[in-house]
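By convention here, the first residue in the shown sequence is residue 1. Since the model is a prediction, treat every value here as computed from it, not as a measurement.
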Amino acid sequence: MSSTIGTDIHEAARLLRAGQVVAIPTETVYGLAANAFDEAAVLSVFQVKRRPSFDPLIVHIARRSDLDRLVGDLPPGAEALMAAFWPGPLTLVLPKGRAVPDLVTSGLDTVGIRMPAHPIAQALLQELDFPLAAPSANPFGYVSPTTARHVADQLGDRIPYILDGGPCVVGIESTIIGWALGADDRTPDTAQPGRWVLYRPGGIPTTRIEEVIGRVPVPQKQKNVLPMAPGMMESHYAPHKPLHVGNVTALLTEHGSGRSGVLSFSTRYDAMMNEVLSPAGDLNEAARHLFAALRRLDAIDCAVILAEHFPEEGLGSAINDRLLRASFKRG
Ligand code: TXA
Ligand code: MG
């Protein structure tokens with residue numbers, strides 16, 4: 001099979017109705033979509049991506065009313081979050097409704113839901129009478145795709161159609177927060193014990209979310225519990241080449257400027273290749289360019305990739321999160 005790259009929303013809808021897997025644009029990254037209610041189609045998503053079955057998928061919806069059949073009781077604050085950030089790059093992990101197949105959620109009793117803002121994703125979802133389960137459209141563990149061409153380069157022989165919506169405007173995956181129940185959170189005078197926790201920093205800065213629901217802590221890692229904390233696998237979002245994050249001048253001395261490719265915010269270095277994400281120093285622009293730049297550095301013949309720490313504000317935290325995970329040594 002070889003994918004067609006095209007802009008035909010009806011063709012994408014036809015294939016999805018027939019149980020096929022189709023790559024779709026969203027404002028964050030491209031997704032690998034299937035009918036969330038069709039278990040055979042969802043299984044194909046895991047296979048195409050070579051994703052382990054313990055890592056659950058996000059369900060994408062077009063309208064607020066789609067939520068009713070997908071989730072159980074909404075935790076406090078959920079309505080306010082949806083009103084503030086949907087459609088947009090925020091995934092909410094909510095109590096799962098019975099209609100959602102266990103395969104989608106890897107057997108968890110929660111489901112991740114997101115309403116994408118991309119006009120083509122919206123139009124496609126409006127045309128379908130089922131939601132779309134979709135992880136990022138990259139082979140498991142690799143950098144997420146932000147153009148149709150990125151998807152074709154890696155998965156082009158495994159899916160029939162890539163719906164082209166242009167380069168993704170956010171460029172980094174959605175922020176994921178979930179309502180977590182924990183023994184230590186249960187207080188006798190709250191009807192619904194628990195609190196919101198951050199599973200993955202992403203396209204909406206955590207500070208903006210905290211303006212709506214108050215402090216959103218990062219959960220403690222639990223050892224030997226599956227699934228590994230969502231979106232929290234240490235080695236992830238990774239290019240094939242070694243990537244080091246830190247003081248680039250020092251790293252260039254250590255690794256040699258003639259064999260290093262550098263990923264920086266706004267500064268050029270004396271290196272084999274520079275990817276400057278935002279010469280003007282704009283973190284939104286940097287996020288938009290991050291994954292394409294990582295792919296270019298992975299493709300040229302430098303031996304290592306060296307990256308700066310980005311400012312820990314706005315989308316800088318999500319960029320740093322991805323770079324640190326990309327730099328984590330694989331066993
Ligand atoms: O921006 C995005 O979120 C993109 C676009 C395509 O929507 N999707 C995306 O999906 O990044 P994926 O599968 O690459 O990452 C989703 C993360 C996974 O790490 C998964 O573990 C976590 O979401 N997740 C999904 N459902 C969950 C659940 N019920 N509980 C906890 N984590 C969940
Ligand atoms: Mg992913």
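- Considering only heavy atoms from C-beta on, V29 comes within 4.5 Å of F291 through its side chain.
- R51 is listed as a side-chain neighbour of P135, based on a closest heavy-atom distance under 4.5 Å.
- For residues 30-45, every residue pair satisfying the side-chain hydrogen bond (donor to acceptor under 3.5 Å, both in side chains) rule, not counting sequence neighbours, is listed here: Y30-D164.
- Geometric assessment of R50 against the ring of F140 yields a negative cation-pi assignment under the 6.0 Å and 45° thresholds.
- For R63, the CZ atom counts as densely surrounded, since its 6.0 Å shell holds more than 12 non-hydrogen atoms of other residues, nucleotides or ligands.
- A heavy-atom distance below 4.5 Å is not found between the side chains of M273 and S260.
- When atom types are taken as modelled, the side chain of N274 and the backbone of V276 share no donor-acceptor pair closer than 3.5 angstrom.
- L81 has its side chain out of reach of W86: every pair of non-hydrogen atoms, C-beta onward, lies at least 4.5 Å apart.
- Here the side chains of P56 and L108 are in contact, with some heavy-atom distance below 4.5 Å.
- When hydrophobic clusters are built by joining Ile, Leu, Val, Met, Phe, Trp and Tyr residues whose side-chain heavy atoms come closer than 4.5 Å, directly or via intermediates, L323 is not grouped with V248.
- Contact annotation: the side chain of H60 never approaches that of M115 to less than 4.5 Å [non-hydrogen atoms, C-beta and beyond].
- Using a distance-only test at 3.5 Å, with no hydrogens or angles considered, no donor-acceptor pair links the side chain of R322 to the main chain of Y237.
- Using a 4.5 Å heavy-atom cutoff, the side chains of V93 and Y199 are in contact.
- A continuous path of ILVMFWY side-chain contacts below 4.5 Å connects V169 to V143, so both sit in one hydrophobic cluster.
- A donor-acceptor pair under 3.5 Å links the side-chain atoms of H118 to the main chain of G165, judged by distance alone.
- Residues passing the salt bridge (Lys or Arg N to Asp or Glu O under 4.0 Å) test with D102 are K96, sequence neighbours excluded.
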Taking distance alone, no hydrogens or angles, what donor-acceptor pairs closer than 3.5 Å link side-chain atoms of residues 262-270 to residues at least two apart or in another chain?
unit_1	atom_1	unit_2	atom_2	d
S264	OG	T267	O	2.5
Y269	OH	E308	OE2	2.5

Go through the steps to decide whether I177 and I209 satisfy the test side chain to side chain contact (heavy atoms under 4.5 Å, CB included), and finish with yes or no.
-> CA-CA 9 Å; I177 64 168; I209 293 170; 3.9 Å; yes
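- Listed by chain and residue number, V22, L124, Y161, L163 satisfy the side-chain contact (heavy atoms from CB on, under 4.5 Å) test with A12 (two or more places apart in sequence, or in another chain).
- Applying the side-chain contact (heavy atoms from CB on, under 4.5 Å) test to P205 and every residue at least two apart in sequence or in another chain returns T207, R208, L315.
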Hey, can you pull the donor-acceptor pairs under 3.5 Å for the side chains in residues 298-307, sequence neighbours left out?
unit_1	atom_1	unit_2	atom_2	d
D298	OD1	H240	N	3.2
D298	OD1	K241	N	3.1
D298	OD2	Y142	OH	2.7
D298	OD2	H240	N	2.8

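- Residues satisfying the side-chain contact (heavy atoms from CB on, under 4.5 Å) criterion with E312, sequence neighbours excluded, are S317, N320.
- For Q20, there are no side-chain hydrogen bond (donor to acceptor under 3.5 Å, both in side chains) partners at least two apart in sequence or on another chain.
- Residues meeting the side-chain hydrogen bond (donor to acceptor under 3.5 Å, both in side chains) test with T26, sequence neighbours left out: T28, R114.
- Taking E210 as the reference, nothing meets the salt bridge (Lys or Arg N to Asp or Glu O under 4.0 Å) condition, with sequence neighbours excluded.
- Among E173, R295, H150, the single residue meeting the side chain to side chain donor-acceptor pair (under 3.5 Å) criterion with S144 is E173.
- Listed by chain and residue number, R14 satisfy the salt bridge (Lys or Arg N to Asp or Glu O under 4.0 Å) test with E11 (two or more places apart in sequence, or in another chain).
- Applying the side-chain contact (heavy atoms from CB on, under 4.5 Å) criterion to R69, with sequence neighbours excluded, gives F37, P131.
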